[in-house]
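To start, the structure under review is shown below, and the notes come after it.
Residue numbers start at 1 and run along the sequence shown.
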Amino acid sequence: LLRHSHTGSSAPIPIPPSLSSLESAEDNALARDWIARFQRVQIPKNAVELAFSRSSGPGGQNVNKVNTKATLRCLIHESWIPLWAQPELRRSSFYVSSSQVLQITSTVHRSQAQNITECLSKFHALILSSASSALKNEPSEAQKKRVEGLVKASNAKRRVDKTYRSSVKAGR
């Protein structure tokens, strides 16, 4: 779902509204706006801590000589990570509770640069999914009408059942 390109935008990461949770429709609207802006930017390398080590992935003898494994680390309290997404991020398998960081590694590719790109795109997707999971979707008018119709049908059936039960008892 992430459209990650090498050219990418050099726009700064948008700072999210300081909402610890999404309570109202306005909060949801602000969060959706931030998510839409965040989708269009790439996370720059200088916004995270990158470390490199020898990989166990593909590459034959290359893996014994070159530090191609990329490890991305980022504090969960960074100003550009939304507060409302943090509970979801803490539940993710990428969260290291002892140091309160998110840590993602990649050994998929033979080159360090490709593994860095892989880590950054995984991290971007993680932030997006965590921020989006807290959104509360309002039902559409069609959904509201359908639910209203189901409630009316349920009440009518209940009334018919009660009337029938009443007539059975009255006939005793």
Side-chain angles (χ1 to χ4, degrees), residues 1-59 62-63 65-143:
L1 291 326
L2 176 66
R3 288 166 207 81
H4 196 58
S5 65
H6 272 296
T7 55
S9 62
S10 59
I13 301 173
I15 300 297
S18 57
L19 305 167
S20 57
S21 63
L22 305 178
E23 304 293 330
S24 66
E26 296 107 43
D27 292 352
N28 274 307
L30 288 169
R32 282 183 207 286
D33 178 52
W34 180 84
I35 289 168
R37 285 183 290 132
F38 184 73
Q39 275 180 319
R40 295 189 296 267
V41 300
Q42 288 179 311
I43 298 172
K45 291 178 196 172
N46 63 3
V48 296
E49 179 188 319
L50 290 166
F52 309 99
S53 56
R54 294 209 173 102
S55 174
S56 62
N62 191 54
V63 298
K65 299 185 291 187
V66 183
N67 291 334
T68 56
K69 176 181 178 181
T71 302
L72 176 150
R73 292 170 59 90
C74 182
L75 285 171
I76 196 162
H77 301 295
E78 286 290 337
S79 62
W80 54 270
I81 296 177
L83 292 172
W84 72 85
Q86 289 182 12
E88 184 69 25
L89 289 169
R90 282 191 174 88
R91 287 190 288 273
S92 105
S93 60
F94 300 110
Y95 181 64
V96 180
S97 58
S98 59
S99 52
Q100 296 195 342
V101 297
L102 294 162
Q103 179 173 311
I104 296 176
T105 60
S106 175
T107 58
V108 176
H109 304 285
R110 287 187 60 170
S111 85
Q112 191 180 85
Q114 286 176 307
N115 282 331
I116 292 170
T117 304
E118 176 83 11
C119 282
L120 289 169
S121 66
K122 278 185 193 175
F123 190 51
H124 192 272
L126 175 68
I127 300 290
L128 272 178
S129 68
S130 297
S132 300
S133 71
L135 290 174
K136 293 174 183 71
N137 294 325
E138 290 293 318
S140 67
E141 286 304 313
Q143 286 173 316

Problem set entry | Spatial distance of atom CD (Glu88) from atom OH (Tyr95) [nearest 0.5 Å] | 13.5 Å

Exercise. Ignoring hydrogens and geometry, is there a side-chain-to-backbone donor-acceptor pair from His109 to Thr68 under 3.5 Å?
Worked result: no

For this session: Tell me, please, which residues at least two apart from Ser106 pass side-chain hydrogen bond (donor to acceptor under 3.5 Å, both in side chains).
Result: Asn115

For this session: Starting at CG of Leu102, measure out to CZ of Arg90 and round the result to the nearest 0.5 Å.
Result: 9.0 Å

For this session: Return the minimal non-hydrogen interatomic distance between Gln114 and Arg110, and the atom names on each side.
Result: OE1-N, 4.4 Å

Exercise. Would Gln42 and Leu120 satisfy side chain to side chain contact (heavy atoms under 4.5 Å, CB included), going step by step from the backbone distance to the final call?
Worked result: CA-CA 8 Å; Gln42 288 179 311; Leu120 289 169; over 6 Å; no

For this session: Keeping the roles fixed (side chain from Ser121, backbone from Glu118), state whether a donor-acceptor pair exists under 3.5 Å.
Result: yes

Exercise. Could you give the distance from OG1 (Thr117) to CD (Gln112), rounded to the nearest 0.5 Å?
Worked result: 10.5 Å

Side-chain atoms of residues 71-82: list all donor-acceptor pairs with protein atoms under 3.5 Å, sequence neighbours left out, distances to 0.1 Å.
from, atom 1, to, atom 2, distance (Å)
Arg73, NH1, Gln103, OE1, 2.6
His77, NE2, Gln100, OE1, 3.0

Problem set entry | Approximate separation, where rounding is to 0.5 Å, of Ile43 CD1 and Phe38 CZ | 4.0 Å

Exercise. Is there side-chain contact between Thr105 and Phe94, with heavy atoms separated by less than 4.5 Å?
Worked result: no

Seminar exercise, completed: Rounded to the nearest 0.5 angstrom, the CD1-OG distance for Ile127 and Ser92 is 9.0 Å

Exercise. Looking at side-chain heavy atoms only, is the closest gap between Pro87 and Arg91 below 4.5 Å?
Worked result: yes

Problem set entry | Pairwise distance CG(Leu89) to CH2(Trp84) - rounded to 0.5 angstrom | 11.0 Å

